[in-house]
Every structure is written in structure tokens, then in C-alpha cells.
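Just below is one structure, and these are the notes that go with it.
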Amino acid sequence: MNACIILEELNARLEDRVELTLYGRAAIQLGFPNPPRDTLLSLDVDAVFWLGQAEQLNETTNFWEAIDQVNKQLGRQGLYISHFFTEDMVVLRPGWREERKPISTAWSKIALYRLSDVDLLLSKLMRDDPQDQQDAWFILQSASLSMEDVQRAVQEARVPNVPELEEQFERASARLMKRLCAGQRGGE
């Protein structure tokens with residue numbers, strides 16, 4: 001799994017323990033039993049920071065230097081870790097940080113988490129993209145989320161105030177709800 005290769009390399013280069021919250025396909029790879037095969041082919045690791053975390057890492061750790069080293073080392077293989085977004089740049093619920101799921105690893109320098117099932121689902125609805133829709137459906141099914149769970153999550157979601165993201169989220173949410181409705185009617 002590429003996410004493991006990337007994070008193992010990062011762990012080896014860190015001087016201090018850091019907390020990382022994964023989202024995207026790395027969160028699916030490492031955070032679910034039996035992830036879809038195509039998620040294992042993802043070439044990167046994405047993480048979300050709470051407000052102020054990036055600055056804290058800059059002041060108290062060698063995190064950003066380690067990231068540069070990892071990207072230089074693994075770049076030849078097409079692997080990288082560079083997509084870091086603050087919580088206000090990702091579709092999430094207000095209490096996302098308290099509901100993260102720990103990911104058990106043997107790494108000594110990384111305390112690894114993934115977004116909760118619902119927040120990971122919401123993050124996959126940021127783009128009206130077939131791959132993200134496929135991932136959203138996997139999360140929905142794996143977590144046994146009901147239509148009511150999804151509706152509540154969509155209502156609670158904090159969508160970044162960017163017109164394109166607002167439109168993408170609206171379309172992707174509607175597409176997922178339509179599929180969920182059709183699945184309930186057809187026994188999917």
C-alpha cells in the first residue's frame with residue numbers, strides 16, 4: 001500500500017511525535033478493513049489540519065522539513081505527501097475533530113487518525129467526481145449509514161464559502177442521495 005510506504009518514510013524522518021488526520025483515499029486504505037482495490041493504487045496521502053495546527057507543527061517540530069525529504073526521496077516513484085488542508089477548506093461537520101477515528105500503527109512518531117465515517121463521506125462530496133462518488137458509496141455501505149444519517153450530515157456540513165465548491169457539493173450530495181434512494185427501492 002502506497003500510503004504505508006509514504007507514512008513509514010515520514011515516520012523515519014520525524015524528530016518529534018505529530019498527529020495526522022487522514023482523509024481521501026489514504027484514509028480509506030488504512031482506516032477500513034477490505035478497502036476497494038483501486039484505493040490501494042493512490043499515490044499520495046492527504047491530511048486535514050485543525051486551525052492553527054500547521055503553524056504549531058512549524059514551531060515545534062521538523063514536520064515540514066520531513067515532508068520535503070519524503071517527497072524528494074519518494075518522488076522518483078511518483079509517491080508524495082503534499083495535500084494538507086485546514087478544516088475551513090474541507091467540507092466537514094463542526095465537531096469533526098472530536099469524532100476522528102484512530103488508526104493503529106507501529107509508528108513511533110505519528111499518531112494517526114482518519115476522519116469519522118460521516119466526515120470522510122462529506123469530504124468525498126466536495127467534488128462531483130465519479131471516483132469520489134465511488135469512494136463515498138463505499139464509505140456509506142461500510143459504515144452502514146442510513147439515508148437519515150446522510151441527510152443530517154449534509155445539513156450539518158460546513159461548506160467552504162467558494163461558489164464552485166458549494167455547487168460541486170450540492171450536485172455530489174444530490175447524486176449520492178438519488179443513488180441511495182434507488183438502492184433502497186431496488187434493494188441495492
Side-chain angles (χ1 to χ4, degrees), residues 1-7 19-50 81 83-105 110-160 162 164-188:
M1 290 193 296
N2 291 331
C4 286
I5 294 169
I6 295 165
L7 292 168
E19 201 170 294
L20 271 185
T21 304
L22 301 182
Y23 80 106
R25 291 194 132 193
I28 294 172
Q29 278 182 41
L30 299 175
F32 288 88
N34 304 312
R37 186 170 175 77
D38 59 333
T39 64
L40 305 178
L41 303 175
S42 181
L43 301 174
D44 69 339
V45 169
D46 301 329
V48 61
F49 293 147
W50 58 83
I81 179 170
H83 296 132
F84 300 105
F85 297 97
T86 55
E87 64 183 276
D88 59 346
M89 299 168 69
V90 180
V91 177
L92 298 169
R93 294 173 303 151
W96 71 272
R97 186 174 170 192
E98 292 78 30
E99 295 192 29
R100 297 174 301 160
K101 303 290 183 192
I103 297 173
S104 180
T105 71
I110 302 173
L112 198 60
Y113 296 83
R114 71 162 172 86
L115 291 176
S116 71
D117 297 333
V118 172
D119 289 308
L120 189 56
L121 175 76
L122 289 172
S123 73
K124 285 295 184 175
L125 299 177
M126 277 182 53
R127 297 183 316 163
D128 187 24
D129 171 272
Q131 180 178 327
D132 284 338
Q133 282 286 319
Q134 180 181 0
D135 291 346
W137 190 251
F138 169 79
I139 295 162
L140 186 143
Q141 290 186 311
S142 295
S144 299
L145 297 175
S146 68
M147 182 176 297
E148 293 77 23
D149 295 332
V150 175
Q151 287 172 329
R152 186 171 34 278
V154 168
Q155 290 170 351
E156 293 174 358
R158 289 187 317 201
V159 181
V162 177
E164 181 182 341
L165 288 179
E166 291 170 342
E167 292 169 18
Q168 292 276 321
F169 180 71
E170 187 176 319
R171 280 199 310 267
S173 299
R175 188 180 314 278
L176 183 67
M177 291 304 294
K178 183 177 179 181
R179 183 174 180 188
L180 187 54
C181 286
Q184 285 186 344
R185 284 192 307 269
E188 188 174 329

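Heads up: numbering here begins at 1 and tracks the sequence.
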Glu99 bridged to Arg93 by N-O distance under 4.0 Å: yes
Can a donor-acceptor pair be found, under 3.5 Å and without considering hydrogens, that links the side chain of [X] to the backbone of [Y]?
X	Y	result
Glu19	Ala111	no
Asn2	Ser42	yes
Arg114	Gly31	yes
Arg100	Arg97	yes

Taking the side chain as C-beta and beyond, is there a heavy-atom pair between [X] and [Y] under 4.5 Å?
X	Y	answer
Trp96	Thr21	yes
Val48	Asp119	no
Met126	Gln168	no
Leu121	Leu176	yes

Distance-only side-chain donor-acceptor flag, Trp137 / Gln133, under 3.5 Å: no
side-chain contact (heavy atoms from CB on, under 4.5 Å) partners for Leu41, two or more places apart: none
Whether over 12 other heavy atoms sit under 6.0 Å from Glu98 CD: yes
Residues Leu30, Leu7; criterion side chain to side chain contact (heavy atoms under 4.5 Å, CB included); working and verdict: CA-CA 11 Å; Leu30 299 175; Leu7 292 168; 3.6 Å; yes
Test side chain to side chain contact (heavy atoms under 4.5 Å, CB included) applied to Ser123 and Asp46, Ile139, Leu115, Val91, the passing residue: Leu115
Candidates Ile103, Ile28, Leu120 - the one meeting side chain to side chain contact (heavy atoms under 4.5 Å, CB included) with Leu22: Ile103
Closest contact, heavy atoms only, Leu40 versus Pro35: CD2-CG, 3.9 Å
Atom of Leu125, atom of Ala136 and distance for their closest heavy-atom approach: CD2-CB, 4.2 Å
[X] side, atom [atom1]; [Y] side, atom [atom2] - distance, nearest 0.5 Å:
X	Y	atom1	atom2	answer
Leu122	Glu156	CG	CD	8.5 Å
Leu180	Ser146	CG	OG	8.0 Å
His83	Asp44	NE2	CG	5.5 Å
Leu20	Thr105	CG	OG1	10.5 Å
Leu140	Arg179	CG	CZ	9.0 Å
Lys101	Tyr113	NZ	OH	12.5 Å

Salt bridge (Lys or Arg N to Asp or Glu O under 4.0 Å): pairs with one or both residues in residues 131-146, sequence neighbours excluded: Arg25-Asp135, Lys124-Asp132, Lys124-Asp135, Arg127-Asp132
Phe138 and Phe32 aromatic ring geometry - parallel, tilted or perpendicular at 30°/60° bounds: perpendicular
